[in-house]
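Right, one structure below, let's go through it.
Positions are given from 1 along the sequence.
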Amino acid sequence: MTTVAQHPTRHSPNPGQQPRQRGLAGRIPSPGFETFGNIFGFIYTFLTGNVLTALANAPLVLCLALVADPAAAWPFFLALTITIPPSLAALFTTFKALHDDGAAVKPVAAYLTGYRHGFRKTAPLGLAAAATLLFLGVDLVIVQTMPAAALLVPVILVAAATTLAVTMTAIAGVVLHPETSLKNLLKAALYLTVQRWYLSLATLVLLGIIASAAILQPVLGIALAPAPLLFIIWSNTTYAYTAALRTAN
């Protein structure tokens, strides 16, 4: 009896060699449950943070929705912003919890805890910032009719921008270093604002985007814009504090 040998390349491929298609598919990383959980944690935290922040600043949100020209009544709206710093401390606390707990984060509980713990320091900080900005705003209106307006206006604008940047950095410091006194946090915030001026500039740009969205579309802008942009500010400020402590040690 004659036995016909099979050609090895046609009928009996090497069992240790996988087809090219399967090899290429094996190189493509497939997202796992943990990846989707982290993405959902971010989205859920951002949406929850926006809603809770809007509720914490309900008078400001309501007036923005009702008043056609907020810029014409800027002192009134500036006074309403005193509720913002405690809500930012609460939101930053949820971001910290998101970093620590990942998909297991409980944003509502973290927000309420952050608001309660940060209110004692951030409330007077908000009052001081609003008073400073009101003073600078009145000065800006007055000096525009003076001969030295070309010199004084840029100085006032820089002072206002520095006030905003220092306030945001100090609020993040309240969350990152709750045991530190407000006076020391303000000193550290001023130092970091000047040292990391490029991060301060980014903070001001992002705050401008948030303010523009809130003024143009109060409901939709506040519902979608603040949390993702504030998360960037939080990340930059956290890096600034961490880098400063690493350099000091």
Side-chain angles (χ1 to χ4, degrees), residues 53-54 56-67 69-92 115 118-146 148-175 182-183 185-194 196-197 199-216 218 221-222 225-226 229-230 233-234 236-237 240:
T53 302
N57 300 280
L60 176 61
V61 176
L62 181 61
C63 290
L64 284 174
L66 295 178
V67 178
D69 186 12
W74 66 267
F76 170 73
F77 282 93
L78 185 60
L80 293 178
T81 61
I82 61 174
T83 60
I84 292 179
S87 65
L88 289 180
L91 188 59
F92 289 164
Y115 196 96
F119 184 85
R120 183 174 60 86
K121 291 181 180 178
T122 56
L125 184 61
L127 286 171
T132 302
L133 292 174
L134 179 61
F135 174 78
L136 292 173
V138 173
D139 286 349
L140 183 62
V141 173
I142 295 174
V143 301
Q144 286 181 352
T145 59
M146 298 175 61
L151 178 63
L152 295 176
V153 168
V155 174
I156 295 175
L157 293 178
V158 169
T162 303
T163 301
L164 284 174
V166 169
T167 302
M168 293 297 298
T169 306
I171 294 172
V174 170
V175 177
L182 182 59
K183 180 180 179 180
L185 284 175
L186 286 173
K187 291 180 180 179
L190 179 59
Y191 171 77
L192 292 177
T193 298
V194 176
R196 307 282 178 176
W197 59 268
L199 296 181
S200 302
L201 182 60
T203 295
L204 295 174
V205 172
L206 293 174
L207 289 177
I209 296 174
I210 294 172
S212 300
I215 292 174
L216 296 176
I222 295 174
L229 301 180
L230 289 170
I233 295 175
W234 162 256
N236 291 341
T237 309

Check your understanding: Closest heavy-atom contact between G221 and P226?
Key -> O-CD, 3.1 Å

Review point. Can you tell me how far CD1 of I233 sits from OG1 of T203, rounded to the nearest 0.5 angstrom?
Key: 5.0 Å

Check your understanding: Hey, are the side chains of V175 and W234 touching, using non-hydrogen atoms and a 4.5 Å cut-off?
Key -> yes

Point to revise | Validation row: L190, L186 side chains within 4.5 angstrom (heavy atoms) | key: no

Review point. What is the minimum heavy-atom distance between T237 and A172, and which atoms define it?
Key: CG2-CB, 3.4 Å

Practice item. Heavy atoms only: give me the nearest A165-L204 pair and the separation to one decimal. Key: N-CD2, 4.3 Å

Check your understanding: Would you call N57 and L80 a side-chain contact if the rule is heavy atoms closer than 4.5 Å?
Key -> no

**Study point:** Spacing of OG1 belonging to T167 relative to CD1 belonging to I84, to within rounding of 0.5 Å
**Key:** 11.0 Å

Review point. Does atom CH2 of W74 have more than 12 heavy-atom neighbours, drawn from other residues, nucleotides or ligands, at distances under 6.0 Å?
Key: yes

Exercise for review: Answer whether the closest heavy-atom distance between the side chains of M168 and L230 falls below 4.5 Å.
Suggested key: yes

Practice item. Kindly give the heavy-atom pair with the smallest separation between T53 and S87, and that separation in Å. Key: CG2-OG, 4.0 Å

Exercise for review: Starting at CG of D139, measure out to CD1 of I156 and round the result to the nearest 0.5 Å.
Suggested key: 5.0 Å

Check your understanding: When you measure from the side chain of N236 to the backbone N and O of L199, does any donor-acceptor pair fall under 3.5 Å?
Key -> no

Review point. How about L133 and L164: do any of their side-chain heavy atoms sit closer than 4.5 Å?
Key: yes

Check your understanding: With no hydrogens and no angle check, is any side-chain donor or acceptor of S200 less than 3.5 Å from a backbone partner on T193?
Key -> yes

Practice item. Could you tell me which non-hydrogen atom of I222 sits nearest to which non-hydrogen atom of A214, and how far apart they are? Key: CG1-CB, 4.0 Å

Exercise for review: With the side chain counted from C-beta on, respond yes when C63 and F76 share a heavy-atom pair under 4.5 Å apart, and no when they do not.
Suggested key: yes

**Study point:** Closest non-hydrogen atom pair between R196 and A240, with its separation
**Key:** CG-CB, 4.1 Å

Practice item. For residues L88 and T122, determine if any side-chain heavy atom of one lies less than 4.5 Å from a side-chain heavy atom of the other. Key: no

Review point. Can you tell me how far CG of L125 sits from CD1 of I82, rounded to the nearest 0.5 angstrom?
Key: 12.5 Å

Review point. Does any non-hydrogen side-chain atom of F77 lie less than 4.5 Å from one of T81?
Key: no

